Amino acid sequence: MNPATIATVNALVEIGVFAFKSIAAVQNGDKTPEEIRAEWPSISAKLGDAWAAWEAAEKSNG
């Protein structure tokens, strides 16, 4: 598997885990939706890194 694929799969898994944990935290009253929104930029940045890896892989392959 190339690094871009691995980065994308990791980012998607992390987003899924974030979503499930966030839903549970809000339902249990552990966090507010505002707290979850405040955490999103760091998760979103990882997806941006994955897209950058894809673009870099495309450029290096031709």
Side-chain angles (χ1 to χ4, degrees):
M1 218 184 278
N2 71 41
T5 302
I6 293 169
T8 302
V9 169
N10 285 341
L12 292 173
V13 167
E14 192 154 351
I15 289 169
V17 170
F18 173 79
F20 282 111
K21 286 183 177 181
S22 296
I23 290 167
V26 170
Q27 287 177 342
N28 293 334
D30 297 331
K31 292 185 179 181
T32 65
E34 292 78 20
E35 290 172 317
I36 301 299
R37 277 191 285 277
E39 295 173 1
W40 173 247
S42 66
I43 301 298
S44 176
K46 293 179 183 178
L47 188 56
D49 293 344
W51 282 117
W54 270 106
E55 290 172 2
E58 287 176 3
K59 289 178 184 175
S60 68
N61 287 334

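Bear in mind the structure is a predicted one, so any value in this text is a computation, not a measurement.
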According to salt bridge (charged side-chain N to carboxylate O under 4.0 Å, His left out), who are the partners of Glu39, at least two apart in sequence or on a separate chain?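 Lys31.
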Hey, could you give me the OG1/CG distance between Thr5 and Asn10, rounded to the nearest 0.5 Å?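 Rounded to the nearest 0.5 Å, the OG1-CG separation comes out at 10.5 Å.
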Taking atom CD1 of Ile43 and atom OG of Ser22, what is their separation to the nearest 0.5 Å?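 One gets 8.0 Å once the value is rounded to the nearest 0.5 Å.
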Report the C-alpha separation of Thr32 and Val26 in whole Å, then their side-chain angles, then the decisive distance to 0.1 Å, and conclude whether the side chain to side chain contact (heavy atoms under 4.5 Å, CB included) test is met. CA-CA 6 Å; Thr32 65; Val26 170; over 6 Å; no
Mark yes when over 12 heavy atoms from residues, nucleotides or ligands other than Trp40 sit less than 6.0 Å from its CH2; otherwise mark no. yes
Any side-chain heavy-atom pair of Ile36 and Phe18 under 4.5 Å: yes
